[in-house]
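Heads up: the structure comes next, in structure tokens.
Whatever order the structure lists ligands and atoms in, that order sets their numbers, starting from 1.
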Amino acid sequence: MFKKILIANRGEIALRIIHACRELGIKTVAVYSEADENSLHVRFADEDVCIGPPRSADSYLNVPAIISAAEITGADAIHPGYGFLSESAYLAEVCEACHIRFIGPDPSVIKLLGDKARAKKAMKKAGVPMLPGSDGPVDSEAKALSVAKDIGFPVIIKAVAGGGGRGMRIVRTAAELPNLLRTAQREAEAAFGNGDVYVEKYLENPRHIEFQILGDHHGNVIHLGERECSIQRRHQKLIEESPSPVISEKVRRKMGGVVVDAAKAVQYTNAGTFEFLMDGEGRFYYMETNTRLQVEHPVTEMVTGIDLVKEQIRIAAGHKLSIKQSDVTFTGHSIECRINAEDPDTFAPSPGVIHAWSVPGGPGVRVDTFAHAECTVSPYYDSMIAKIIVHGRDRAEAIARMRRTLEMTVIEGIKTSVPLDLKIINEPDFQAGRLSTGFMDRFMPKPKDAKLAESA
Ligand code: MV4
């Protein structure tokens, strides 16, 4: 087992990784930017190294600084958390060259799955259900038009290097395709340095359902069921839950089998997530695979009782999975609400000093956060300051627990999304489990000018 792990991240996920390390008896190294000197992840790590100025590009994305910190402190592994360098095949490669274990899949697997067109091909070959679309990137208007006419409009153009909705365009008619193709390519080039795009059939108002998997270095892969993440705004998830209100035991078993086979086909190791779109008839279509621990991993931990971060660490150290598929059981229902430092109406970031902080605990409540009274929410990073995760015997109990927890949460000094989270969980459609990626637009129609600005 590792003796010392460097955590190449900040905020709640850095603390979450420290929790796992402490329980495993592993020493921790925090890295931090000048803006995070007084953060809890620095306080609770055994050692800490400042890696640069506040801007992420100068600190949490600085591979040489992070590797140097690992070498100076003698860390034998790096956990990248989520965001930042978590899906960087480059960091994974440099780790390999420096004999530091990267806690994640092999660089070649990160590269394969990071290229959405290559990933689709590999997954199609492995038998994963797929929306019809171009076989790889489309390099010309004529090619894109012929694919679109083949599969029928509407279609969606997506960036090969994409994710998060950038470089994405919905195309409803042949006439608008040339312009949208060009803008998608330009946006992808600007955002990712890779202008390649592909075309697939567009699904209206699907559900977003994702499966968690774990794979070890001995050929074992298991799935830990699904999370439903349909409540999103501008490709930012707001509320996630497990199980999905619409997935039966039978469907879970079938889809679980599909993702386990797919992961084996690419020799996937460590934790991973297979994202799917689900249509109104319950049909699944592969979207992408995330090669990292995800923000919403706690809802899976709550219903399975499995500590995903500890499993990641054990797997990276070469251990066999501590559980077999037949040991995985799903108990009750879990919901996560993300608390963002933002205006609940305009969604503008709201950094600053938190003067009052009180989040109730009680049965079935877990709070993953770095925040506390008198802490500063920095404008340099993501606005997520906490995740409230509840568990109940069933969905109704989980909703009741989330409601009373949000109602009794006191955060003063900054604006937060708590009122928005409460509004959503009190919606009849949410309570009935009628979820879709269109939920937020139906629920909170954007002002007309905002819509225009967004599509410009
Ligand atoms: C889609 C889609 C409908 N049809 N692909 C959004 C982010 C990117 N990862 C993929 N996304 C979508 N791809 C097809 N063929 C709808 C979306 C989508 C979406 C997906 C999941 C959660 C929220 C979403 C919000 C808008 C669009």
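Using cut-offs of 30° and 60° for the angle between ring planes, the Tyr60 and Tyr381 rings count as perpendicular. A tilted orientation is assigned to the rings of Phe443 and Phe439, their planes being inclined by 30° to 60°.
If you look at ligand 1, the protein residues with a non-hydrogen atom under 4.0 Å away are Leu131, Ile156, Lys158, Gly165, Met168, Glu200, Lys201, Tyr202, Leu203, His208, Gln232, His235, Leu277, Met287, Glu288, Thr437.
A cation-pi arrangement is found for Arg252 relative to Phe330, the charged atom lying closer than 6.0 Å to the ring centre and inside a 45° cone about the ring normal. A cation-pi contact, defined as under 6.0 Å to the ring centre and within 45° of the axis, is absent between Arg118 and Tyr198.
Remark: side-chain polar atoms of Glu210 are not paired, donor with acceptor, to backbone N or O of Glu275 under 3.5 angstrom.
A salt bridge does not link Glu288 to Lys158: none of the charged nitrogens lies less than 4.0 Å from a carboxylate oxygen.
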